[in-house]
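What's counted below: heavy atoms across the whole structure, side chains too, no hydrogens, waters or symmetry copies.
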Amino acid sequence: KLKIIPLGGLEQIGMNITAFEYEDSIVVVDCGLSFPEDDMLGIDLVIPDVTYLKDNISKVKGFVITHGHEDHIGGLSYLYNNLNKEVPIYGGKLTLALARTKLEGQVPNTLNIPMREVVGREKLKIGKYFEVEFIRVTHSIADAYSIAVKTPAGTIVHTGDFKVDLTPVDG
């Protein structure tokens with residue numbers, strides 16, 4: 001059975017993080033944060049509850065990041081400080097540069113975290129059961145992707161964030 005587990009980002013803006021689980025493997029898409037509402041006095045950032053990932057860390061095979069906005073990468077340093085495992089991060093060049101900057105100074109041994117740069121239409125095998133294809137999309141930040149996650153149970157298209165642009169400057 002394929003499990004799709006939204007750990008944040010539903011019915012709200014921000015805190016995007018979804019786990020795809022098949023048998024003994026988990027691929028996590030995005031790891032964002034949210035900013036506090038006006039009534040959340042004294043709160044600086046709102047992060048998703050990643051207890052499920054901590055409890056199943058041996059299954060986590062990779063983090064796939066769709067783009068570099070805070071609501072998609074802002075929770076990475078918190079997550080890595082709580083995982084005790086150097087799980088690889090996959091994303092576009094700009095996205096990984098922003099993620100590395102976010103992790104530096106907040107996560108020990110940041111340079112040991114494997115990061116794999118991807119380009120549009122690239123397909124990666126992550127773990128035993130997942131093939132992830134990166135599909136370029138237009139957004140308000142460069143280097144944004146939707147992803148297609150192929151599993152033995154079927155293919156899921158995770159759109160990430162995108163904007164319809166009838167005349168994109170990059171073709």
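Using a 4.5 Å heavy-atom threshold, the side chains of Tyr145 and Asp143 count as touching. Side-chain contact between Leu94 and Leu98: present, with at least one pair of heavy atoms (C-beta onward) separated by less than 4.5 Å. Side-chain contact check for Leu45 versus Tyr78: every heavy-atom pair is 4.5 Å or farther apart. In this structure the side chain of Lys61 never reaches within 4.5 angstrom of the side chain of Lys128, judged on heavy atoms. Ile26 places none of its side-chain heavy atoms less than 4.5 Å from the side chain of Phe20. Side-chain contact between Gln106 and Tyr80 is absent, with no heavy atoms from C-beta onward closer than 4.5 Å.
Rounded to the nearest 0.5 angstrom, Ile57 CD1 and Asp55 CG are separated by 10.0 Å. Lys123 NZ to Glu131 CD: the interatomic distance, rounded to the nearest 0.5 Å, is 5.5 Å. To the nearest 0.5 Å, the span separating CG on Leu96 from CD1 on Ile73 amounts to 9.5 Å. Remark: Glu21 CD to Leu53 CG distance equals 9.5 Å, nearest 0.5 Å. With rounding to the nearest 0.5 angstrom, the CG atom of Asp161 is 8.0 Å from the NE2 atom of His69.
Judged by distance alone, the side chain of Ser146 and the main-chain N or O of Thr159 form a donor-acceptor pair under 3.5 Å. Asn16 places a side-chain N or O within donor-acceptor distance of the main-chain N or O of Asp71, the cut-off being under 3.5 Å. With His139 contributing its side chain and Ile141 its backbone, the two residues share no donor-acceptor pair below 3.5 Å. Asp30 contributes no side-chain N or O that, together with a main-chain N or O of Gly32, makes up a donor-acceptor pair within less than 3.5 Å.
Cluster annotation: Ile65 is connected to Leu103 through the hydrophobic network of ILVMFWY side chains, with a link wherever side-chain heavy atoms come within less than 4.5 Å. The cluster map of Ile, Leu, Val, Met, Phe, Trp and Tyr, joined by side-chain heavy atoms under 4.5 Å apart, puts Leu83 and Val29 in different clusters. When the side chains of ILVMFWY residues are joined at heavy-atom separations under 4.5 Å, either directly or via intervening members, Tyr90 and Val28 end up in two distinct hydrophobic clusters. Clustering ILVMFWY residues whenever any of their side-chain heavy atoms sit less than 4.5 angstrom apart, transitively, puts Val27 in a cluster other than the one holding Ile113. The cluster map of Ile, Leu, Val, Met, Phe, Trp and Tyr, joined by side-chain heavy atoms under 4.5 Å apart, puts Ile5 and Met15 in different clusters.
A 6.0 Å sphere centred on NZ of Lys125 holds more than 12 heavy atoms belonging to other residues, nucleotides or ligands. In the displayed structure, Lys59 atom NZ is contacted under 6.0 Å by more than 12 heavy atoms of other residues, nucleotides or ligands. For Lys54, the NZ atom is densely surrounded, since the number of other residues' heavy atoms within 6.0 Å is greater than 12. Summarising the local packing, CZ of Arg136 is surrounded by 12 or fewer heavy atoms from other residues, nucleotides or ligands at distances under 6.0 Å.
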Quiz item: Between Tyr129 and Glu23, does a side-chain contact (heavy atoms from CB on, under 4.5 Å) hold up when you go through it step by step?
Solution: CA-CA 8 Å; Tyr129 300 108; Glu23 293 190 8; 2.6 Å; yes
Practice problem: Kindly indicate, with the supporting measurements, whether the criterion side-chain contact (heavy atoms from CB on, under 4.5 Å) is fulfilled by Arg121 and Glu133. | Solution: CA-CA 6 Å; Arg121 301 314 301 228; Glu133 180 176 357; 2.8 Å; yes
Practice problem: Please step through side-chain contact (heavy atoms from CB on, under 4.5 Å) for the pair Val64 and Phe134, ending with a clear verdict. | Solution: CA-CA 9 Å; Val64 175; Phe134 290 79; 3.6 Å; yes
Exercise. Quick one: do Thr95 and Glu117 satisfy side-chain contact (heavy atoms from CB on, under 4.5 Å)? Show the steps, please.
Key: CA-CA 9 Å; Thr95 302; Glu117 185 181 317; over 6 Å; no
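Across Ile13 and Ser34, no two heavy atoms sit closer than the pair O-OG, 3.4 Å. For Pro36 against Ile43, the heavy-atom pair with the smallest separation is CG-O, 3.1 Å. What you find for Tyr52 and Lys3 is that their closest heavy atoms are OH-NZ, 4.3 Å. For the residue pair Leu76 and Ala99, the shortest heavy atom distance occurs at CD1-CB, 3.8 Å. For the residue pair Ala148 and Thr155, the shortest heavy atom distance occurs at CB-CG2, 4.3 Å. The shortest heavy-atom contact between Tyr22 and Ala153 is CE1-CB, 4.0 Å.
Residue His158 is tested with Val132, Ile147, Ile4, Ile135 for a side-chain contact (heavy atoms from CB on, under 4.5 Å); the sole match is Ile147.
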